[in-house]
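Here is the structure we will look at.
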Amino acid sequence: MTSPVHLALTAGEPAGIGPDLCLALAASELPCALTVIADPNLLAQRADELGLAVELATGPATETHRPGRLEVLPISLARPCRSGHLDPANAPYVLHTLDAAIDGCIAGRFDALVTAPLHKGVINEAGIAFTGHTEYLAERTGTANVVMMLATEGLRVALATTHLAVSDIPRHITRDGLRQVLRILHRDLQRWFGLARPRILVAGLNPHAGEGGHLGREEIEIIAPVLEELRSREHMQLIGPLPADTLFTPRYLDEADAVLAMYHDQGLPVLKYKGFGRAVNITLGLPFARTSVDHGTALELAGSGRARGDSLRLAIDTALAMVDRG
Ligand SMILES: NC(=O)c1ccc[n+]([C@@H]2O[C@H](COP(=O)([O-])OP(=O)(O)OC[C@H]3O[C@@H](n4cnc5c(N)ncnc54)[C@H](O)[C@@H]3O)[C@@H](O)[C@H]2O)c1
Ligand SMILES: N[C@H](C(=O)O)[C@H](O)COP(=O)(O)O
């Protein structure tokens with residue numbers, strides 16, 4: 001008998017809705033083994049608060065998920081947690097859960113990683129420089145370049161840069177960086193999503209894609225030459241650089257498999273307007289599949305029972321589909 005696909009699920013920020021969503025997920029039928037990486041006492045306390053009956057077992061899981069039960073790989077909180085109340089003392093715990101998941105994926109104990117939301121601010125308040133799962137995963141796996149892509153029904157948006165202050169963006173748009181991002185995006189759309197010749201729309205950086213150089217020169221000096229090079233030498237189907245305001249219209253999107261936006265808030269507001277709560281965040285370029293929810297820690301909903309689990313379920317289903325293809 002073959003063993004089931006095994007997913008690692010990190011519960012994220014303990015004061016946020018991650019633990020709630022993991023507990024709610026326990027009731028579902030899942031066609032895989034699932035190991036939640038978290039503090040079992042936190043899960044037990046949150047289950048009480050939510051009035052959920054979930055059997056917590058010490059993982060890792062060895063068989064297909066059984067509804068009503070969660071296999072938990074235990075990592076201890078530094079301090080007890082109150083729902084909705086951040087505590088920097090628990091920031092190292094959040095990273096320890098991620099480390100255990102990453103190590104397990106690298107060693108082949110897990111087939112893929114799914115992450116519930118963490119809080120970037122509180123990790124920094126604990127004195128740990130941290131910008132996001134995406135960058136942390138790249139560093140911890142020794143991967144030089146990764147790409148963040150969010151997907152909802154009918155739209156995939158990848159980013160040329162990730163969690164940066166807006167003032168730092170232009171200097172991070174380089175020919176070499178863009179080349180690497182496009183290669184990873186192109187290759188992983190083939191590998192994980194079965195698109196033989198992906199068509200990618202590429203946004204400009206400046207308003208109206210620079211208006212012929214009168215509103216910025218990155219399109220002329222960096223973006224257009226890279227697109228031309230990859231079209232002619234690597235036969236990629238790249239359309240752009242296009243003005244970002246009109247790129248997100250059916251005329252372009254109907255013909256495309258993905259959009260490459262130059263920065264976080266150029267692409268993600270459109271994606272989240274279309275599908276917030278029904279989207280998945282995927283890290284491309286890693287040695288294993290990693291998906292996440294499209295939302296944050298929603299501290300005000302922790303322990304309330306009002307957090308929606310659709311994005312987590314989509315993250316699980318997407319990770320399974322990626323493993324299946326990979
Ligand atoms: N994957 C991740 O780890 C991830 C993703 C996005 C944001 N974040 C982090 O989360 C923290 C809070 O971010 P934010 O306040 O900008 O965004 P947020 O997504 O936590 O909240 C935005 C709004 O959406 C609501 N919301 C979020 N998730 C919901 C759910 N599952 N069901 C129902 N309503 C939901 C919230 O109540 C709030 O009104 C930040 O530190 C941010 O960096 C983490
Ligand atoms: N940029 C993501 C979003 O807006 O949903 C989010 O911050 C999570 O990013 P990481 O997966 O890198 O933590």
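Just so you know, ligand 1 is whichever comes first in the structure, and atom 1 is the first atom listed for that ligand. When reading the values below, keep in mind they use all heavy atoms of this one structure, side chains included, and skip hydrogens, waters and symmetry mates. Residues: numbered from 1 along the sequence shown.
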### Task
Please check if the side chain of E219 supplies one atom and the backbone of N206 the other of a donor-acceptor pair under 3.5 Å.
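Yes, E219 side chain to N206 backbone: donor-acceptor pair under 3.5 Å.
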### Stepwise side chain to side chain contact (heavy atoms under 4.5 Å, CB included) test for K274 and L155
CA-CA 8 Å; K274 183 168 170 62; L155 184 63; 3.9 Å; yes
### Task
For E71, check salt bridge (Lys or Arg N to Asp or Glu O under 4.0 Å) against everything at least two apart and list the hits.
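For E71, the residues satisfying salt bridge (Lys or Arg N to Asp or Glu O under 4.0 Å) (neighbours in sequence not counted) are R69.
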#### Entry: Any residue meeting salt bridge (Lys or Arg N to Asp or Glu O under 4.0 Å) with D103, in chain and number order, not counting sequence neighbours
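Testing D103 for salt bridge (Lys or Arg N to Asp or Glu O under 4.0 Å), a comparison that skips the adjacent residues, returns R140.
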Does the N or O separation between [X] and ligand 1 drop below 3.5 Å for any pair?
X    : result
A298 : yes
R306 : no
G296 : yes
R308 : yes
K272 : no

### Task
Could you check whether the rings of Y136 and F130 sit parallel, tilted or perpendicular, using 30° and 60° as the cut-offs?
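If you compare the ring of Y136 with that of F130, the planes turn out tilted.
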### Query
Quick one: do the T283 and H133 side chains pair a donor with an acceptor below 3.5 Å?
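T283 vs H133: no donor-acceptor pair found between side chains.
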### Message
Does either side chain, that of R197 or that of H235, offer a donor lying less than 3.5 Å from an acceptor on the other one?
### Response
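No, because no side-chain N or O of R197 sits under 3.5 Å from a partner of the opposite role on H235.
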Nearest to [atom], what protein heavy atom do you find, and at what distance?
atom                    : answer
atom 44 (C) of ligand 1 : L118 O, 3.3 Å
atom 5 (C) of ligand 1  : H295 O, 3.0 Å
atom 2 (C) of ligand 1  : P117 CA, 3.6 Å
atom 22 (C) of ligand 1 : F276 CZ, 4.5 Å
atom 37 (O) of ligand 1 : E300 OE2, 2.4 Å

#### Entry: Sidechain N-carboxylate O distance under 4.0 Å for D257, R199
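Looking at D257 and R199, the cut-off is not met.
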### Query
So, D254 and R251, do they make that salt bridge, N to O below 4.0 Å?
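No.
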Can you check whether a protein heavy atom sits less than 4.0 angstrom from [atom]?
atom                    : value
atom 41 (O) of ligand 1 : yes
atom 15 (O) of ligand 1 : no
atom 8 (N) of ligand 1  : yes

### Geometric cation-pi criterion R156 and F193, 6.0 Å radius, 45° cone
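Yes.
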### Sub-4.5 Å side-chain heavy-atom contact between S311 and R278
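Contact flag for S311/R278 side chains = no.
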### Query
So do the side chains of V157 and M149 get within less than 4.5 Å of each other, counting heavy atoms only?
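Contact flag for V157/M149 side chains = no.
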### Message
My understanding is that we take every heavy atom of each candidate and find the minimum distance to atom 10 (O) of ligand 1. Doing that for T291, T131, T297, V293, which one comes out nearest?
### Response
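It is T297 whose heavy atom sits nearest to atom 10 (O) of ligand 1.
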### Query
Of L52, D48, L56, D20, which is the lone residue that meets side chain to side chain contact (heavy atoms under 4.5 Å, CB included) with L43?
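Running side chain to side chain contact (heavy atoms under 4.5 Å, CB included) over L52, D48, L56, D20 with L43 returns exactly one hit, L56.
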### Query
Quick one: which of I102, I37, V5, L34 gives a side chain to side chain contact (heavy atoms under 4.5 Å, CB included) with F110?
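Testing each of I102, I37, V5, L34 against F110, the sole residue satisfying side chain to side chain contact (heavy atoms under 4.5 Å, CB included) is I37.
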Which atoms from ligand 1 have a heavy atom of [X] less than 4.0 Å away?
X    : answer
H133 : 3 (O)
S292 : 1 (N)
A307 : 32 (N)
K120 : 8 (N), 9 (C), 41 (O), 42 (C), 43 (O), 44 (C)

#### Entry: Sequence neighbours excluded - salt bridge (charged side-chain N to carboxylate O under 4.0 Å, His left out) pairs with any residue from residues 220-248
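As it turns out, the salt bridge (charged side-chain N to carboxylate O under 4.0 Å, His left out) pairs with a partner in residues 220-248, which skip direct neighbours, are R179-E229, R183-E234, R217-E221, E228-R231.
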### Task
Record the part of L301 in heavy-atom contact with ligand 1 below 4.0 Å; permitted values are side chain, backbone, both and neither.
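The side chain, only.
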### Task
Between E13 and ligand 1, find which residue part has any heavy-atom pair under 4.0 Å and reply side chain, backbone, both or neither.
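Neither; nothing of E13 gets under 4.0 Å from ligand 1.
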### V259 vs I200, side chain to side chain contact (heavy atoms under 4.5 Å, CB included): CA-CA, chis, key distance, verdict
CA-CA 6 Å; V259 172; I200 301 169; over 6 Å; no
Could you list, one pair per line, each nitrogen or oxygen of ligand 2 together with any protein nitrogen or oxygen closer than 3.5 Å, giving atom names and the distance rounded to 0.1 Å?
from: ligand 2; atom 1: 1 (N); to: H163; atom 2: NE2; distance (Å): 3.0
from: ligand 2; atom 1: 1 (N); to: H264; atom 2: NE2; distance (Å): 2.9
from: ligand 2; atom 1: 4 (O); to: H264; atom 2: NE2; distance (Å): 3.4
from: ligand 2; atom 1: 4 (O); to: K272; atom 2: NZ; distance (Å): 2.8
from: ligand 2; atom 1: 5 (O); to: K272; atom 2: NZ; distance (Å): 2.9
from: ligand 2; atom 1: 7 (O); to: K120; atom 2: NZ; distance (Å): 2.8
from: ligand 2; atom 1: 7 (O); to: H163; atom 2: NE2; distance (Å): 3.0
from: ligand 2; atom 1: 11 (O); to: N281; atom 2: ND2; distance (Å): 3.0
from: ligand 2; atom 1: 11 (O); to: R290; atom 2: NH1; distance (Å): 2.9
from: ligand 2; atom 1: 11 (O); to: R290; atom 2: NH2; distance (Å): 3.0
from: ligand 2; atom 1: 12 (O); to: H133; atom 2: N; distance (Å): 3.2
from: ligand 2; atom 1: 12 (O); to: T134; atom 2: N; distance (Å): 2.8
from: ligand 2; atom 1: 12 (O); to: T134; atom 2: OG1; distance (Å): 2.5
from: ligand 2; atom 1: 13 (O); to: H133; atom 2: N; distance (Å): 2.9
from: ligand 2; atom 1: 13 (O); to: H133; atom 2: ND1; distance (Å): 2.8

### Message
Tell me whether I17 reaches ligand 1 (any heavy atom closer than 4.0 angstrom to a ligand atom).
### Response
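So I17 counts as touching ligand 1.
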